[in-house]
Trainee: 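Handing you this structure, nothing more for now.
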Number of protein chains: 2
Amino acid sequence: MTADAWVPPPVLVAVDLVVFTVRGSELHVVLIERGIAPHRGVLALPGGFLRDAEEDLLAAAYRELSEEVGLTARHVHLEQLGAYGTPGRDPRGRVISVAYLAIAPRLPEPVADTDASAAGWVLADFALSPAARLAFDHRRILADGVERVRTKLEHSTLATAFVGPTFTVSELQSVYEAVWGVRLDPRNFYRKVQGADGFLVPAGPARRATPGRPARLFRAGPSATIRPPLTRPIGPADQEATS
Amino acid sequence: MTADAWVPPPVLVAVDLVVFTVRGSELHVVLIERGIAPHRGVLALPGGFLRDAEEDLLAAAYRELSEEVGLTARHVHLEQLGAYGTPGRDPRGRVISVAYLAIAPRLPEPVADTDASAAGWVLADFALSPAARLAFDHRRILADGVERVRTKLEHSTLATAFVGPTFTVSELQSVYEAVWGVRLDPRNFYRKVQGADGFLVPAGPARRATPGRPARLFRAGPSATIRPPLTRPIGPADQEATS
DNA sequence: GTAATAGTGTCTATCAGACACTATGCC
DNA sequence: GGCATAGTGTCTGATAGACACTATTAC
């Protein structure tokens with residue numbers, strides 16, 4: 001700020017991913033077991049340093065998603081969660097991590113790459129519990145990610161990122177129930193999402209396979225927001241995510 | 001990611017501030033005129049590089065708030081907006097800026113420091129208009145800040161950060177009207193904010209000064225969220241802020 | 001037929017928006 | 001008194017939640 005000789009301190013920048021999906025009525029997140037120091041052998045969010053000085057942050061997030069999770073860009077929603085830069089959060093020096101929130105339809109098993117000795121879907125509730133030890137400040141990042149996705153389901157159409165390109169209303173309901181951890185009335189849920197303009201558009205007649213009447217298929221509509229918002233029945237204590 | 005010799009690229013980290021207040025029924029933001037290259041003489045958000053490798057991001061934001069805007073920590077709400085790191089956004093090299101949103105009650109004039117030849121409150125609508133040229137990607141950062149504060153007024157008690165420690169309901173209403181750019185019915189607004197549990201707590205009897213009946217004073221309540229949320233009458237087109 | 005899920009209709013308590021009305025200060 | 005703002009009451013149309021009912025499949 002002052003004289004000519006001063007130069008700003010260089011910093012290392014990493015990108016970390018909070019990758020969510022819904023499997024079997026429960027919210028899951030991708031965790032890896034770190035294969036390199038520091039925190040070797042400890043559970044962590046997938047991520048890594050910028051590859052070079054020209055790599056865009058979002059591009060780095062997509063690259064890590066592919067390398068460490070084995071998910072290709074298509075059909076994965078990716079948005080920035082925030083920057084985490086407390087000094088001392090990484091023993092290697094001053095590292096600032098830009099966290100990204102990724103939402104994937106239920107698809108493949110993640111694959112371990114060179115930095116990770118193992119990778120897989122873990123129950124989000126377990127990953128947040130004291131029983132799971134996470135590296136760095138990844139527990140905090142994960143908690144912020146959970147909070148973000150919970151609140152975004154209320155007033156955005158983010159839930160459609162959890163399901164495939166076409167889906168039934170009850171599949172969408174399962175997403176809400178898994179993320180919010182509540183049970184919803186199917187009839188009221190049906191009316192509500194149908195009434196939200198631009199949320200769902202019909203796509204094909206019906207899907208057979210399960211017992212019971214076949215369900216109509218829908219595709220995500222053009223709207224990014226839901227008016228009026230869906231109301232979460234009751235929430236556990238709310239948090240404010242600031243960093 | 002690969003071999004032993006590889007090291008991650010160092011990056012410069014800056015902190016930028018989107019400082020809002022309400023003056024005369026309009027949303028204002030602090031802009032400076034840059035006193036140093038690059039973009040010397042151009043309008044920009046206040047901000048600067050990390051002072052040293054040990055400085056916390058939030059601490060740097062508070063420092064810039066004090067140095068460049070002349071606001072001391074007390075009574076200023078500060079929360080992270082996001083990280084902006086597109087390569088080429090700063091001609092000095094690879095710079096990642098962590099933007100913070102600051103909300104201040106209407107208080108002093110900002111003061112120019114060494115990096116800024118001028119600083120002052122500017123109408124937010126003007127700062128976002130094509131007539132105002134902003135340095136770097138600060139127009140985008142500002143747009144994200146406006147969007148954030150607009151949506152947060154709906155379901156959080158953030159509006160109380162715009163007013164002093166004690167305030168009247170009509171002062172609070174002015175905040176909503178300025179930020180949303182709409183007119184609200186005072187009677188319905190009064191009932192609504194009174195009904196929101198933990199939003200307002202009585203503080204003192206009344207304030208005299210203006211014509212008309214004196215208004216009761218309130219203090220910000222313990223709750224950080226509003227249930228049910230206040231509904232914005234109609235919004236201009238919504239945006240999704242991702243980075 | 002039974003079981004199971006999809007989708008529709010209806011009732012009720014509550015709420016947002018409109019706005020008449022009362023209360024309390026200044027001049 | 002007149003005027004201005006604060007605060008309350010009431011009405012109405014819309015909506016959330018509860019839940020009866022019909023529809024369409026598999027067996």
Side-chain angles (χ1 to χ4, degrees), chain A residues 24-25 153-155 159 163 166-178 180-197 199-219 225-235, chain B residues 24-25 153-155 159 163 166-178 180-197 199-219 225-235:
Chain A
S25 306
L153 283 204
E154 296 186 45
H155 56 267
V163 294
T166 69
F167 51 87
T168 68
V169 171
S170 83
E171 283 169 0
L172 199 64
Q173 182 182 340
S174 300
V175 171
Y176 277 89
E177 293 182 334
W180 285 349
V182 297
R183 300 290 294 175
L184 301 172
D185 184 295
R187 291 98 76 181
N188 292 335
F189 183 82
Y190 196 95
R191 257 194 303 98
K192 183 77 195 200
V193 296
Q194 285 289 44
D197 230 48
F199 191 8
L200 304 182
V201 296
R207 161 179 300 171
R208 32 208 81 231
T210 59
R213 171 176 176 175
R216 280 187 257 168
L217 288 176
F218 296 90
R219 206 187 314 280
T225 61
I226 308 179
R227 278 183 54 87
L230 292 173
T231 51
R232 175 155 43 144
I234 316 178
Chain B
S25 307
L153 283 204
E154 296 186 44
H155 55 267
V163 294
T166 68
F167 50 89
T168 67
V169 171
S170 83
E171 282 169 1
L172 199 64
Q173 182 181 341
S174 299
V175 171
Y176 277 88
E177 293 182 334
W180 284 350
V182 297
R183 300 290 295 175
L184 301 173
D185 184 295
R187 291 98 74 179
N188 293 334
F189 184 83
Y190 196 96
R191 258 193 304 98
K192 183 77 193 200
V193 297
Q194 285 288 45
D197 230 49
F199 192 6
L200 305 182
V201 297
R207 161 178 300 171
R208 31 209 81 232
T210 59
R213 172 176 175 174
R216 280 188 256 169
L217 288 176
F218 295 91
R219 206 187 314 279
T225 61
I226 308 179
R227 279 183 54 87
L230 292 174
T231 50
R232 174 155 45 144
I234 316 178

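Residue numbers begin at 1 in each chain, while the letters A, B, ... track the order of the sequences. The model shown is predicted, which means the values in this text are computed figures rather than measured ones.
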Trainee: Need to verify one output field. Residue with the more 5' nearest nucleotide on DNA chain D, P211(A) or D185(A)?
Mentor: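 Of the two residues, D185(A) wins.
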Trainee: Check whether Y176(B) reaches the backbone of A159(B) with its side chain - one donor and one acceptor, N or O, closer than 3.5 Å.
Mentor: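 Checked: no pair found.
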Trainee: Protein-nucleotides 12-17 of chain C N/O pairs closer than 3.5 Å?
Mentor:
| from | atom 1 | to | atom 2 | distance (Å) |
| --- | --- | --- | --- | --- |
| dA16(C) | OP1 | K192(B) | NZ | 2.1 |

Trainee: Just to verify, what does F218(B) make a ring pair (Phe, Tyr, Trp, His ring centres under 6.0 Å) with, not counting sequence neighbours?
Mentor: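 F218(B): no ring pair (Phe, Tyr, Trp, His ring centres under 6.0 Å) contacts found.
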Trainee: OP1, OP2 of dA6(C) versus side-chain N and O of S170(A): anything below 4.0 Å?
Mentor: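 Yes, within the criterion.
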Trainee: Expressed in angstrom and rounded to an integer, what is the separation of Q194(A) atom CD from dT15(D) atom P?
Mentor: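 Taking atom P of dT15(D) as the reference, CD of Q194(A) is at 15 Å.
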Trainee: Where do V193(B) and F199(B) come nearest, in terms of heavy atoms and distance?
Mentor: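 Closest pair (atom of V193(B), atom of F199(B), distance): CG1-CE2, 3.8 Å.
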Trainee: I'd like to know whether K192(A) forms a side chain to side chain contact (heavy atoms under 4.5 Å, CB included) with L230(A), so could you lay out the CA-CA distance, the side-chain angles of the two residues, the decisive distance to 0.1 Å, and finally the verdict.
Mentor: CA-CA 8 Å; K192(A) 183 77 195 200; L230(A) 292 173; 2.9 Å; yes
Trainee: Please report the distance, rounded to the nearest Å, between CZ in R183(B) and P in dA18(C).
Mentor: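 Atom-to-atom, R183(B) to dA18(C), this comes out as 14 Å.
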Trainee: Sequence neighbours excluded, which residues qualify as side chain to side chain contact (heavy atoms under 4.5 Å, CB included) partners of R219(A)?
Mentor: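 With sequence neighbours excluded, R219(A) shows a side chain to side chain contact (heavy atoms under 4.5 Å, CB included) to T166(A), V201(A), A203(A), given in chain and number order.
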Trainee: Compare the minimum distances between each of dT8(D), dT25(D), dA6(D) and the side chain of P214(A), then state the nucleotide with the smallest one.
Mentor: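 Comparing dT8(D), dT25(D), dA6(D) against the side chain of P214(A), the answer is dT25(D).
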Trainee: I226(A) CD1 to dT15(D) C1': how many Å, rounded?
Mentor: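 Between C1' of dT15(D) and CD1 of I226(A): 16 Å.
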Trainee: Between dT8(D) atom P and F189(B) atom CZ, what is the distance in whole Å?
Mentor: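 Distance check: F189(B) CZ to dT8(D) P gives 15 Å.
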Trainee: Is it true that a side-chain atom of E177(A) and a backbone atom of S25(A) form a donor plus acceptor pair closer than 3.5 Å?
Mentor: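 Checked: no pair found.
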Trainee: Of all heavy-atom pairs between L184(B) and Q173(B), which one has the smallest distance, and what is that distance?
Mentor: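 Distance-wise, the nearest heavy atoms are O-NE2, 2.9 Å.
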Trainee: In whole angstrom, give the distance that lies between atom CZ of R227(A) and atom C1' of dA16(D).
Mentor: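 Roughly 17 Å, once rounded to whole Å.
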Trainee: Can you tell me how far P of dT10(C) sits from OH of Y190(A), to the nearest Å?
Mentor: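 After rounding, the reported distance stands at 17 Å.
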Trainee: Output the rounded distance in Å from CZ (R187(B)) to P (dC21(C)).
Mentor: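 Distance check: R187(B) CZ to dC21(C) P gives 12 Å.
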Trainee: Could you tell me the separation between the CG atom of L200(A) and the C1' atom of dG7(C), rounded to a whole number of Å?
Mentor: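 Atom CG in L200(A) sits about 14 Å away from atom C1' in dG7(C).
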Trainee: Of all the nucleotides listed (dA6(C), dT8(D), dT25(D)), which has the minimum atom distance to the side chain of R213(A)?
Mentor: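 The nucleotide sitting nearest to the side chain is dA6(C).
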